[in-house]
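Working notes, beginning with the structure itself.
Quick caveat, the model's predicted, so the values are computed rather than measured.
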Amino acid sequence: MAVLWLDEISADDLEKVGGKGASLGELTGAGLPVPPGFVVTAGTYRSFIEEAEIDEELFDAVDVDVDDSSALAAAADRAQELILETPFPDDLREEILDSYREVGDGEAFVAVRSSATAEDLPDASFAGQQETFLNVTETDLLDRVRECWASLFTQRAIYYRQEQGFDHSAVNIAVVVQQMVDAEKSGVMFTSHPSTGDPTMIIEAAWGLGEAVVSGAVSPDNYVVDRADRDVDVTVAEKKVMHEKDEATGETVEREVPEDKRNTRVLSDDEIDALMDLGERVEDHYGEPQDVEWAIVAGEVYMLQSRPITTIDETGDAAAETGSVDAAKGLTDGSGGVQAAEGGSAETGDAGAAGDVVVDGLGSSPGTVSGAARIVTKLDDLDKVGEGDIIVTEMTMPDMVPAMKRASGIVTDEGGMTSHAAIVSRELGVPAVVGTTNATTVLEDGQVVTLDGDKGQVLKGEEIEPEEETEPVEEVRPQSPVKPMTATEVKVNVSIPEAAERAAATGADGVGLLRTEHMILSLNQTPAKFIEENGKDAYIQELVGGIRGVADEFYPRPVRVRTLDAPTDEFRQLEGGDDEPNEHNPMLGYRGIRRSLDRPEVFAHELEAFRRLYEMGYDNVEIMFPLVNDAEDVYRTKRLMTEAGIDPDKRKWGVMIETPASALAVEEMAQAGIDFASFGTNDLTQYTLAVDRNNENVADRFDELHPSVLRLIGDVIETCREHGVDTSICGQAGSKPEMVQFLVNEGISSISANIDAVRDVQHEVKRVEQKLLLDSVR
């Protein structure tokens, strides 16, 4: 049989119906309220491609080097073409349509959902890679089934399977066809705490269909319920949009939530009780905590999907204890550093016993480490940096990142809290001290030192052993995974693709800034030189690979990627940089969009990388253009996007607000079509106050909270709100509590913080939003 009904299916049928189908069959068999439906089995897909004799050609087509973007794109196109252009055999067509007519008396709107046989496994997550279609009728049903099959061979799915070591021919796909629930409210529920497994239920709820919650289109209400006494902690979010069926067309559409429901609590106490009853039944049935999708219509609760929670830490108790000890030792201030608790230090070892302070500066990345100092005065010196060494250099550059990853600590003569060394060290979780002025001359090569990234000190003496070692990813993973629900999105800054896993572990709503210059400059050649020696396709692939790694880690959360923004002094350090202009102040010179527009032939390769990513299915990638001054820059850039094959009306793109000129011209840029404006406070502050942010002599004058800077930011937010343009911040200041308070009060759309400050910013945003709500009703 090509079709199995849900009441015929159990967990033992995983290979026949895939993870989603098996789960729905189990729920149905357990007597839980599941909308009726059937599954077009995985064997039917296999028979379809084998009987049509396209199977061998299909698997040959996708046997390519997935790092070759052009080959991957061609493979995906050919594989999908083979499936979509192969007609259904008559007997299969009739069996599927006859089954559909038994659902809802033949006039049903159904959901058509892919269910891969390798989906929802503990060690691989294929969920979200294949297609789902809502509100489908008989007219389009067969086409949608075939499109689900074809979605097994998108570029992203092919790439992921190859990277995970799955044989393409061993993965089959089933298709669930299930009566739609025209949900009035919907969401997800964790039947137990998703990190510790404690008896705490977490429910997220929004108006309309659940796709808005799952896709991240809306910030849902959050309900944390103690299963022992059913005490509920409620966080009501502003729910701006909802997904629902358009009665005229039957299509799923996104609409604005009516004003009177935006800030209204979605779930009543009775509905929470009903969900908890069902959640406990689901967990009891499976014998383990579950992640459940649900919907409510006309007072009835329906279970739409259930899968095991795979994030529970079996050593959660120990982790919690460790976390509490760490919390007692130091207090994070939201700026990326750790302040010492009263009466003690925030270090992991007793640095004071190691010796006298040799040099000091700004503690820009927390932690205490010891090791041999390696003085780096030129790029050739990087070869001597081994695992656990401490790099001591005048200032770091993007091409030093591989060595920085090997090192246990970083010390620089120059730079402040927004310098390359400070930003990258924080993202890598490597302790750092910057702006010492003299470390390269005072310290000796090979000298054993202890670096205290909290106090900003380098001490002379023997190596110390830290009390405990932690992985950089675990250091930023929230001890409590219950993310504070906020209307203002909290995203994360990522300087280098290598930091993507650590950034994603924070639970951020997406990436507010991914810098491309670190990908480009780490090639050790200028773009022109690299293209000359390796070809333009190799250059494009470097960009595609770097961006794709971050986009994969965050999918479907948005990843905002900034195009090349590197000053000429950084280019001059690279092979091929002899022809770069010798500028007195490179920060005011040939960089950002002005360089890109002046060299459109090189800029076109960056845009081609974005076009390929969109073609591969990375619809979560957004483009951000730096150092834009006015609408003319926007119009010229928009034309180049169109010439590169990127539709500015379909893709999300915007500009950095980094100069007073751009802040004053934002209305004209909004009229030119930008979707968002993002504050780069590092540059906006230095250009407004005439303070070089990399000059330690005037570091005390660098103040992102200066009234003039805040006035520019506030005016831009107000103008953008009037024109329906999102606003965000991705500069260093976004991690400071005082700036967060100002931005939320002004109505900013999102805040992007440093990796180690995300959870603090989430809590600060929630606190400010709740105060605003409270003030509004007093």
**Complete:** What one should report as the nearest heavy-atom pair of Pro35 and Leu304 is CG-CD2, 3.9 Å

**Item:** Closest contact, heavy atoms only, Trp653 versus Phe676
**Value:** C-CE2, 3.3 Å

Electrostatic pair [X]:[Y] at N-O distance under 4.0 angstrom:
{"X": "Arg612", "Y": "Glu615", "answer": "no"}
{"X": "Glu489", "Y": "Lys240", "answer": "no"}
{"X": "Arg146", "Y": "Asp143", "answer": "yes"}
{"X": "Asp277", "Y": "Arg230", "answer": "yes"}
{"X": "Arg265", "Y": "Asp221", "answer": "no"}

**Message:** Does atom CZ (Arg721) have a neighbourhood of more than 12 heavy atoms from anything else shown, all under 6.0 Å?
**Reply:** no

**Asked** If you draw a 6.0 Å radius around CD in Glu256, do more than 12 non-hydrogen atoms from other residues or ligands fall strictly inside?
**Response** no

Report yes or no: do [X] and [Y] form a side-chain donor-acceptor pair below 3.5 Å?
{"X": "Thr28", "Y": "Asp7", "result": "no"}
{"X": "His723", "Y": "Gln671", "result": "no"}
{"X": "Ser678", "Y": "Arg562", "result": "no"}

Do [X] and [Y] come close enough that some side-chain heavy atom pair is under 4.5 Å?
{"X": "Glu102", "Y": "Phe38", "result": "no"}
{"X": "Trp294", "Y": "Val181", "result": "no"}
{"X": "His285", "Y": "Ser306", "result": "no"}
{"X": "Lys766", "Y": "Glu769", "result": "no"}
{"X": "Leu134", "Y": "Met180", "result": "yes"}

**Prompt:** Hey, mind stepping through Ser728 and Arg560 against side chain to side chain donor-acceptor pair (under 3.5 Å) and telling me if it holds?
**Reply:** CA-CA 11 Å; Ser728 61; Arg560 193 165 286 175; 2.9 Å; yes

**Fill in**
d(Leu267 CG, Asp273 CG) to nearest 0.5 Å is 11.0 Å

**Request:** Enter the distance from Asp509:CG to Phe554:CZ here, rounded to the nearest 0.5 Å.
**Result:** 10.0 Å

Could you check whether any side-chain N or O of [X] sits under 3.5 Å from a backbone N or O of [Y], counting only pairs where one atom can act as donor and the other as acceptor?
{"X": "Ser192", "Y": "Thr200", "answer": "no"}
{"X": "Ser23", "Y": "Lys20", "answer": "no"}
{"X": "Asp246", "Y": "Val253", "answer": "no"}

**Asked** Passes salt bridge (charged side-chain N to carboxylate O under 4.0 Å, His left out), Asp775 versus Lys771? Steps please.
**Response** CA-CA 6 Å; Asp775 289 344; Lys771 184 176 185 300; 3.1 Å; yes

**Item:** Candidate pair Ile748 and Phe679, rule side-chain contact (heavy atoms from CB on, under 4.5 Å), full reasoning
**Value:** CA-CA 10 Å; Ile748 198 165; Phe679 299 106; 4.2 Å; yes

**Prompt:** Think Arg651 forms a cation-pi with Tyr614, using NZ or CZ under 6.0 Å from the six-ring centre and within 45 degrees of its axis?
**Reply:** yes

